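Before any comments, here is the structure.
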Amino acid sequence: MEWAGAFGDLGTLIPFVVAYLSVLKMDPFGVLFAFGAAMLACGFYYRTPMPVQPMKAIGAVAATQAAQSMVITPAAVYAGGLVTGLLWLLLGLTGTAQRVARIVPRPVIVGIVLGLGMGFMLEGIRMMSGGWLVAAIALSGTLLLLTNRTVPAMFLVLVFGGVVGAFQDPGALRMLMAAPVELRLPSFALSQLTWNDLFIGAVFLALPQLPLTLGNAIIGVREENNRLFPDRPVSERKLAVSTGMMNLAGAAAGGVPMCHGAGGMAGHVAFGARTGGALVILGACLLVLAFFFSGSVVALFSLFPPAILGVILFITGAQLALGSCDFSANKGERFATLVTAAFAIWNVGLAFVVGFLLCAAFRRGLLRL
């Protein structure tokens with residue numbers, strides 16, 4: 001089940017990695033090596049399925065801007081990871097992240113997690129819409145086998161997805177089979193950074209991501225981890241420091257900005273993971289790909305149809321939303337939770353601000369329902 005749960009976050013990981021590699025033309029080795037090493041470290045340290053994901057806002061901005069202009073380059077992405085790492089290490093070591101998180105009302109936290117879950121489900125449906133027959137078969141099988149510990153659902157989903165992908169695109173399979181085994185070793189990626197790269201990485205990538213990371217990857221994942229694994233609790237300070245450390249190390253190796261996401265933990269848990277072993281397994285697999293198969297990783301990831309990734313994302317969102325249905329008995333707080341959730345589907349940073357203001361208004365008697 002740990003092996004099955006290890007691949008429960010592929011619905012988020014694969015699309016962003018493919019975008020970085022195909023649109024920005026980043027070196028596959030650095031991206032895979034950074035993810036693999038971070039997953040190994042987090043698996044052994046946290047001993048829970050603590051996810052390591054691409055930072056979504058940074059990934060979206062980098063991919064779209066690179067496709068439309070030449071402003072965002074691989075060096076700017078490295079700089080974004082470097083600045084992100086420094087910021088979160090500072091916020092963690094000074095205790096600022098924990099102090100900010102403690103003033104956030106619980107209805108806001110519940111709303112953020114609920115909204116993230118619903119957002120994942122909606123994105124999963126969007127991805128499934130391009131292949132409804134494939135998605136219907138995969139989703140039905142997944143739901144029937146989700147709690148089956150003899151035949152893990154994730155293995156069948158991946159095998160089915162691979163077969164469908166090979167049938168739909170034989171060329172990708174031939175390219176994958178013909179890929180050579182080539183040993184790669186790590187190199188220092190920051191030696192050619194310019195001040196322009198640092199400016200773009202900080203202003204366009206790192207700073208806009210901060211509120212999203214605080215809501216999803218610090219407050220949200222702490223809530224999810226401590227609810228699922230009360231015997232292995234984590235704190236905002238610990239999560240902020242590890243976010244900083246893995247981004248500093250990842251940027252140096254040529255990786256992309258990374259975070260811990262509540263949706264990622266829900267995905268790992270939904271498909272069977274209960275310990276850090278799932279992260280160790282996935283991290284080891286990514287390191288093998290990095291060291292020996294970097295040249296063929298785009299073909300490998302492209303083999304899985306979007307409909308299959310949509311199924312994984314949908315189940316992940318359902319698991320995340322289901323765990324956040326702890327609503328307050330107070331009508332005003334329930335309203336704040338629902339409004340926060342609605343905004344979180346669109347923008348977690350904005351949801352954080354709106355939910356906080358709503359709760360403050362209800363407490364002061366400025367709003368009544």
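These figures come from a predicted structure and were not determined experimentally.
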When rounded to the nearest 0.5 angstrom, what distance separates CD1 in Ile218 from OG1 in Thr243?
4.0 Å
Would Asn247 and Thr84 satisfy side chain to side chain donor-acceptor pair (under 3.5 Å), going step by step from the backbone distance to the final call?
CA-CA 7 Å; Asn247 276 294; Thr84 297; 5.6 Å; no
When hydrophobic residues are tied together by side-chain contacts of less than 4.5 Å, even through go-betweens, does Val354 share a cluster with Ile103?
no
State plainly whether one hydrophobic cluster holds both Phe356 and Leu366, where clusters connect Ile, Leu, Val, Met, Phe, Trp and Tyr through side-chain heavy atoms under 4.5 angstrom apart.
no
Given side chains that start at C-beta, do those of Leu40 and Leu279 come closer than 4.5 Å, heavy atoms only?
no
Check: Thr94 main-chain N/O paired with Arg99 side-chain donor or acceptor under 3.5 Å:
yes
Is there a donor-acceptor pair under 3.5 Å between the side chain of Ser140 and the backbone N or O of Ile137?
no
Taking side chain as C-beta onward, heavy atoms only, is Lys25 less than 4.5 Å from Pro74?
no
Any chain of hydrophobic side-chain contacts (each under 4.5 Å) joining Leu303 to Val163?
no
Stepwise side chain to side chain contact (heavy atoms under 4.5 Å, CB included) test for Phe120 and Ile125:
CA-CA 9 Å; Phe120 272 59; Ile125 291 172; over 6 Å; no
Is the number of heavy atoms from other residues, nucleotides or ligands under 6.0 Å of Phe188 CZ greater than 12?
yes
Could you check if a side-chain atom of Ile312 sits within less than 4.5 angstrom of a side-chain atom of Val157, using non-hydrogen atoms only?
yes
Less than 4.5 Å apart, any side-chain heavy atom of Tyr78 and any of Val256?
no
Test item: Met39 and Val280 side chains (from C-beta on) under 4.5 Å apart, heavy atoms:
no
Could you tell me whether the side chain of His268 and the main chain of Ala273 form a donor-acceptor pair under 3.5 Å?
no
In this structure, CG of Leu32 is separated from CE of Met26 (nearest 0.5 Å) by 10.5 Å
Run the side chain to side chain contact (heavy atoms under 4.5 Å, CB included) test on Leu207 and Leu87 for me, step by step, so that the C-alpha distance in whole Å, both residues' side-chain angles and the decisive distance to 0.1 Å come before the verdict.
CA-CA 9 Å; Leu207 293 178; Leu87 286 173; 3.9 Å; yes
Using only heavy-atom distances, determine whether the side chains of Ser294 and Glu182 contain a donor-acceptor pair under 3.5 Å.
no
For the ring pair Tyr46 and His260, is the centre-to-centre distance below 6.0 Å?
yes
Assess the residue pair Thr340 and Leu358 against the criterion (side chain to side chain contact (heavy atoms under 4.5 Å, CB included)); give the C-alpha distance rounded to whole Å, side-chain angles, the decisive distance to 0.1 Å, and a yes or no.
CA-CA 9 Å; Thr340 302; Leu358 270 177; 5.5 Å; no
Look at the aromatic rings of Phe7 and Trp3 and report parallel, tilted or perpendicular, splitting at 30° and 60°.
tilted
So does Gly310 get a backbone contact from the side chain of Glu123, meaning a donor-acceptor N/O pair under 3.5 Å?
no
Can you get from Leu183 to Phe29 by hopping between Ile, Leu, Val, Met, Phe, Trp and Tyr side chains that sit under 4.5 Å apart?
yes
When rounded to the nearest 0.5 Å, the distance separating CE of Met50 from CD of Glu224 is 10.0 Å
Test of understanding: with salt bridge (Lys or Arg N to Asp or Glu O under 4.0 Å), list the residues that count as partners of Glu223, not counting sequence neighbours.
Arg106
All heavy atoms of Gln53 vs all of Phe35, minimum pair found to be C-CE2, 3.7 Å
So CZ of Phe301 and CG of Leu13: to nearest 0.5 Å the spacing works out to 6.0 Å
Under a 4.5 Å cut-off applied to non-hydrogen side-chain atoms, are Gln168 and Val134 in contact?
yes
For Val77 and Pro257, which heavy atoms make the closest approach, and how far apart are they?
CG1-CD, 3.7 Å
From Phe199 atom CZ to Leu205 atom CG, the distance as rounded to the nearest 0.5 Å:
11.5 Å
Does a side-chain heavy-atom distance below 4.5 Å link Asp27 with Arg184?
yes
Please tell me whether Leu86 and Val203 are part of a single hydrophobic cluster in this structure, the criterion being side-chain heavy atoms less than 4.5 Å apart.
yes
So which atom in Val52 and which in Asp9 form the shortest heavy-atom distance, rounded to 0.1 Å?
O-OD2, 4.3 Å
Which atom pair, heavy atoms only, marks the closest approach of Gly267 to Thr316?
CA-OG1, 3.3 Å
Glu236 side-chain N/O to Ala101 backbone N/O, donor-acceptor pair under 3.5 Å
no
Does Arg47, at its CZ atom, have more than 12 non-hydrogen atoms belonging to other residues, nucleotides or ligands within less than 6.0 Å?
no
State, with a plain yes or no, whether a side-chain heavy atom of Val269 is found less than 4.5 Å away from one of Leu228.
yes
Mark yes or no for whether Asn225, through its side chain, and Pro233, through its backbone, hold a donor-acceptor pair below 3.5 Å.
no
Criterion side chain to side chain contact (heavy atoms under 4.5 Å, CB included) on Glu333 and Phe362, from CA distance to verdict
CA-CA 8 Å; Glu333 291 185 348; Phe362 280 118; over 6 Å; no
Provide the closest heavy-atom pair for Arg126 versus Ser129 in the form atom of the first, atom of the second, distance.
O-OG, 2.5 Å
In Å, rounded to the nearest 0.5 Å, how long is the span from CH2 of Trp88 to OG1 of Thr96?
10.0 Å
Would you call the rings of Trp346 and Phe343 parallel, tilted or perpendicular, taking 30° and 60° as the class edges?
tilted
Taking all heavy atoms of Ala344 and all of Ala351, pick out the closest pair and write down the distance.
N-CB, 3.3 Å
